[in-house]
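Per chain, numbering begins at 1; letters A, B, ... match sequence-line order. Every heavy atom of this structure was used, including side-chain atoms; hydrogens, water molecules and symmetry mates were not.
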2 protein chains.
Amino acid sequence: MGSVADALVRISRLVDRVFTEVAREQGLTPQQVHLLCLVDARAVGMKELAEALDLEKSSLTGLVDRVARRRLVTRIPDEHDRRACRVTVTDEGARVSAICHREVVRRLEAMADHMADADKQTLAKLVAQLSD
Amino acid sequence: MGSVADALVRISRLVDRVFTEVAREQGLTPQQVHLLCLVDARAVGMKELAEALDLEKSSLTGLVDRVARRRLVTRIPDEHDRRACRVTVTDEGARVSAICHREVVRRLEAMADHMADADKQTLAKLVAQLSD
DNA sequence: TATTGTTATACTCTATAACTATA
DNA sequence: TATAGTTATAGAGTATAACAATA
């Protein structure tokens, strides 16, 4: 077809595939890696995390449970609200998160290998405009 | 960050969200809609379908079962190989597939609403280059 | 023997509804 | 009363391994 939308859908499938592949090599699901990457920068509350991942809070509970069982994240009590907790990465979690991020980026950049540098820059800029 | 890869990952998440939303409005899962769209053009064998969806054949069996239960696809025997079958859309399946495709495209195009036409064309072209 | 597809089984992912504890 | 998070439950998605039927 050639429309922007069709191109985006195709790309999205490709990215998913790469993401799933990388996650699997670490013994994780793509959802678990998404979670890991989100809490890598800072401790995040369950509510905020659920919104970022577009999940019901009850779905997130289980997801965090499973990643915590693998010792990649932990729940810490929120200092200002005794109902709440915040999810943080462990050292091992940070390590795995970094590996996944690096590998995903590496493989996606490889997909753009045959493109001219100028085109790559243009693409990055235009795609960034979309997600504003 | 601003790298191509990071932009692609962000876009992929956006597309996923749109796709899931549209599927849900039709009472379907995104996986079921992907299946539906793939068999919309022509009857496809289970093996080819599994490869296109990046699924194990056993996973596909269940997925097709569930979509068939909703009367959106049917299995027809392969004329040349009595082990095999091909999956085809029903009239209702074609209808739903068309709605989903139209809605996904509409919402994704809307995301690019604020872009100049020239930029949209450039984006479509560059993204197409990636998935070659 | 190899291939196409299904079945059996076990987990993961997800939503809805009801619940607990705190704000 | 409202909010943060969990639990209970049910259904969907997925992989692995074993299987049936046909090539």
Side-chain angles (χ1 to χ4, degrees), chain A residues 13 16-17 19-39 43-70 72-88, chain B residues 13 16-17 19-39 43-88 96:
Chain A
R13 302 283 288 161
D16 273 350
R17 198 172 284 217
F19 209 94
T20 301
E21 187 179 282
V22 168
R24 193 161 215 226
E25 289 167 11
Q26 301 299 316
L28 299 171
T29 65
Q31 293 90 342
Q32 291 170 355
V33 173
H34 278 303
L35 169 63
L36 211 49
C37 291
L38 273 176
V39 298
V44 186
M46 295 292 283
K47 183 187 174 63
E48 183 183 348
L49 211 43
E51 278 161 10
L53 289 167
D54 202 24
L55 286 178
E56 289 301 317
K57 53 190 180 175
S58 61
S59 304
L60 183 59
T61 295
L63 183 57
V64 171
D65 283 348
R66 289 182 292 273
V67 181
R69 202 166 62 211
R70 287 175 165 75
L72 301 178
V73 300
T74 53
R75 285 174 173 94
I76 57 175
D78 186 301
E79 294 153 16
H80 307 297
D81 186 341
R82 291 200 342 236
R83 295 169 305 182
C85 66
R86 292 188 306 154
V87 182
T88 60
Chain B
R13 302 283 288 161
D16 273 351
R17 197 171 284 217
F19 209 93
T20 301
E21 188 179 282
V22 168
R24 194 161 214 225
E25 288 167 11
Q26 300 300 317
L28 299 171
T29 65
Q31 293 90 341
Q32 291 171 355
V33 173
H34 278 302
L35 169 63
L36 212 48
C37 290
L38 273 176
V39 298
V44 186
M46 295 293 281
K47 182 187 174 63
E48 182 183 347
L49 210 44
E51 277 160 11
L53 289 168
D54 203 24
L55 286 179
E56 288 300 318
K57 54 190 180 176
S58 61
S59 305
L60 182 60
T61 296
L63 183 57
V64 170
D65 283 348
R66 288 182 292 272
V67 181
R69 203 165 62 212
R70 286 176 165 75
R71 312 276 186 209
L72 301 178
V73 300
T74 53
R75 286 173 173 94
I76 57 174
D78 185 301
E79 294 153 16
H80 307 298
D81 185 340
R82 290 198 347 233
R83 295 170 305 181
C85 66
R86 292 187 307 154
V87 182
T88 61
V96 172

Once you round it to whole Å, what is the distance between C1' of D:dG13 and CG of B:Leu35? 13 Å
Return the CZ to CD distance between A:Phe19 and A:Gln31, rounded to the nearest 0.5 Å. 9.5 Å
At 4.0 Å (heavy atoms only), tell me whether A:Leu60 reaches a base, stays on the sugar-phosphate, or touches nothing. nothing
Quick one: A:Glu56 CD to C:dA17 P, roughly how many Å, whole number? 10 Å
When rounded to whole Å, the CZ to C1' distance for the pair A:Arg70 and C:dC13 reads 13 Å
Less than 4.0 angstrom between a side-chain N/O of A:Arg69 and OP1 or OP2 of C:dC11, yes or no? no
Taking atom P of C:dT14 as reference, at what distance in whole Å does atom CD of B:Gln32 sit? 15 Å
To the nearest angstrom, the CZ-P distance between A:Arg17 and D:dT14 comes to 12 Å
For A:Val73 and A:Val64, the nearest pair of non-hydrogen atoms, with its separation, is CG2-O, 4.2 Å
To check you understand the geometry: which heavy-atom pair defines the closest contact between B:Ala23 and B:Pro30, and what is its length? CB-N, 3.7 Å
Taking every non-hydrogen atom, the tightest pair across B:Leu38 and B:Val44: O-CG2, 4.0 Å
Which atom pairs link the protein and nucleotides 20-22 of chain D when you take only N or O atoms and keep those under 3.5 Å?
residue : atom : partner : partner atom : Å
D:dT22  : O2   : B:Arg83 : NH1          : 3.4

Over all atoms of both residues, closest heavy-atom pair of A:Arg17 and B:Leu53: NH2-C, 4.4 Å
Between NZ of A:Lys47 and C1' of C:dT22 the distance, given in whole Å, is 15 Å
With DNA chain C as reference, determine whether A:Arg66 or B:Asp65 sits nearer its 5' end, using the nearest nucleotide of each. B:Asp65
Does any N or O in the side chain of A:Ser59 come within less than 3.5 Å of the main-chain N or O of A:Leu55, such that one atom is a donor and the other an acceptor? no
C:dT14 OP1/OP2 closer than 4.0 Å to side-chain N/O of A:Ser59: no
Measure from CG on B:Leu55 to C1' on C:dG5 and round the result to the nearest Å. 14 Å
At under 4.0 Å between heavy atoms, what does B:Gln31 touch on the DNA or RNA strands: base, sugar-phosphate, or nothing? sugar-phosphate
Is A:Leu63 touching bases, backbone alone, or none of the nucleic acid, heavy atoms closer than 4.0 Å? sugar-phosphate
Is the closest basic N to carboxylate O distance between B:Lys47 and B:Glu51 below 4.0 Å? yes
Check every strand shown and say whether B:Lys57 touches a base, only sugar-phosphate, or nothing at a heavy-atom separation below 4.0 Å. base
Quick one: label B:Ser58 by what it contacts on the DNA or RNA (base, sugar-phosphate, nothing), any heavy atom closer than 4.0 Å. base
With a 3.5 Å cut-off and heavy atoms only, can you find an N or O donor on one side and an acceptor on the other between the side chain of B:Thr29 and the base of D:dA12? no
Take the protein atom NE2 of A:His80 and the nucleotide atom P of C:dA21, then report the distance between them rounded to whole Å. 23 Å
Salt-bridge test for A:Asp65 and A:Arg75: reply yes if a basic N is under 4.0 Å from a carboxylate O, no otherwise. yes
For B:Arg75 and for A:Asp54, find the nucleotide of DNA chain C with the closest heavy atom, then tell me which residue's nucleotide is more 5'. B:Arg75
